[in-house]
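The structure under discussion appears below in the form of structure tokens.
When a ligand or atom number is given, it counts from 1 through the structure's own listing order.
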Amino acid sequence: MHYQIDHPCVQHKLALIRDVETGHKKFRELATEITEFICYEALKNIDTREVDVQTPLEVAKCRKIDHDIVVVPVLRAGVGMLEGILELVPTARVGFVGLYRDEETKQPVAYYERFPPQARTGMSIIIDPMLATGGSTVAAIDQLKAFGAKDIMVICIVTCPEGLALVEQEHPEVPIYTAAIDDHLNENKYIVPGLGDAGDRLFGTSH
Ligand code: PRP
Ligand code: URA
């Protein structure tokens, strides 16, 4: 189950973040802004509870979010989306998955994991800008499920048909929200046209 956020404001920012001329400062700002928009849409159906709020005039029936939310950035590039999601859900807890893609095999290698216990009872949101082969996302979901998480969603910025197919085959109940579904993976398993290496562009490590 996947959803593409087609809103013009998201697509405009996507055009800017893809641009090879966009430097790491602007890239980080855009990653934050795009994440906020996607998250806004992804959370539109989460549970709320009714609360009474005393306004200056009288009591208003209001709604508050009734969910423990655990945001799980996949290190390293997922950190570039953390600020955006915390803008929207400032009370969220944060867990971490450390994964990198082996340059030869393109398979994810796990090197770190730390989740708050609320991941077992609340909703866990995996954030990683690139869902390419899908191997890293599948591994992150596997790790969360092994910890005891039951309610999981994925937010990325750019993906492709190959990656979506793998995640949907391995974890069909996990919804995926993205700003873009690109054409294909190249021979190095990079998304085309994509935006390049998200971690390098976020953190200025490419050149
Ligand atoms: C990137 C990206 C994903 C992964 C996607 O991380 O942030 O985690 O690759 O590829 P996949 O879908 O084929 O698994 P990378 O391995 O470059 O590590 P980094 O974030 O530390 O730069
Ligand atoms: N990781 C990235 O950062 N970009 C891709 O296109 C694929 C994997």
Checklist entry - Where is the tightest heavy-atom contact between M130 and L195, given as atom of each residue plus distance? => result SD-CD1, 3.6 Å
Checklist outcome for this item: Tightest non-hydrogen contact, residues R63 and T48, listed as NE-OG1, 2.7 Å
Nearest to [atom], what protein heavy atom do you find, and at what distance?
atom                    : answer
atom 9 (O) of ligand 1  : R101 CD, 4.1 Å
atom 14 (O) of ligand 1 : S136 OG, 2.5 Å
atom 22 (O) of ligand 1 : R76 NH2, 2.9 Å
atom 17 (O) of ligand 1 : D197 OD2, 4.1 Å
atom 3 (C) of ligand 1  : D128 OD2, 3.0 Å
atom 13 (O) of ligand 1 : T133 OG1, 2.5 Å

Checklist entry - Hey, is ligand 1 close enough to Y111 that some N/O pair sits below 3.5 Å? => result no
Next on the checklist: Between ligand 1 and G134, is the shortest N or O to N or O distance under 3.5 Å?
Outcome noted: yes
Checklist entry - Does NZ or CZ of R76 lie under 6.0 Å from the centre of the six-membered ring of Y100, at an angle within 45° of the ring axis? => result no
Checklist outcome for this item: In terms of its nearest heavy atom to atom 5 (C) of ligand 1, the top option of M130, M81, E103 is M130
Using a 4.0 Å cut-off to any heavy atom of [X], which atoms of ligand 1 qualify?
X    : value
A77  : 7 (O), 20 (O)
Y100 : 16 (O)
A132 : 10 (O), 11 (P), 12 (O), 13 (O)

Checklist entry - Can you name the residues that form a side chain to side chain donor-acceptor pair (under 3.5 Å) with Y190, not counting sequence neighbours? => result D197
Item to check | side chain to side chain donor-acceptor pair (under 3.5 Å) against E113, all qualifying residues, sequence neighbours excluded | outcome: Q143
Checklist entry - Is there a protein heavy atom at a distance of less than 4.0 Å from atom 1 (C) of ligand 1? => result no
Checklist entry - Are any of the side-chain nitrogens in D19 or R201 under 4.0 Å away from the carboxylate oxygens of its partner? => result no
Next on the checklist: Tell me which one of E162, R101, Q107 satisfies side-chain contact (heavy atoms from CB on, under 4.5 Å) with T133.
Outcome noted: R101
Checklist entry - Considering only heavy atoms from C-beta outward, does the side chain of R120 approach that of P117 to under 4.5 Å? => result yes
Item to check | Pair T205-D200, side-chain donor/acceptor within less than 3.5 Å | outcome: yes
Item to check | Hydrophobic cluster membership, V74 vs M153, 4.5 Å side-chain cutoff | outcome: no
Checklist entry - Hey, any chance L16 and L14 share a hydrophobic cluster, counting ILVMFWY side chains that come within less than 4.5 Å of each other, even indirectly? => result yes
Next on the checklist: Test of understanding: with salt bridge (Lys or Arg N to Asp or Glu O under 4.0 Å), list the residues that count as partners of E104, not counting sequence neighbours.
Outcome noted: none
Using a 3.5 Å cut-off on N/O to N/O, what pairs does ligand 2 make with the protein? A line per pair would be great.
from     : atom 1 : to   : atom 2 : distance (Å)
ligand 2 : 3 (O)  : A198 : N      : 2.8
ligand 2 : 4 (N)  : G196 : O      : 2.8
ligand 2 : 6 (O)  : I191 : N      : 2.8

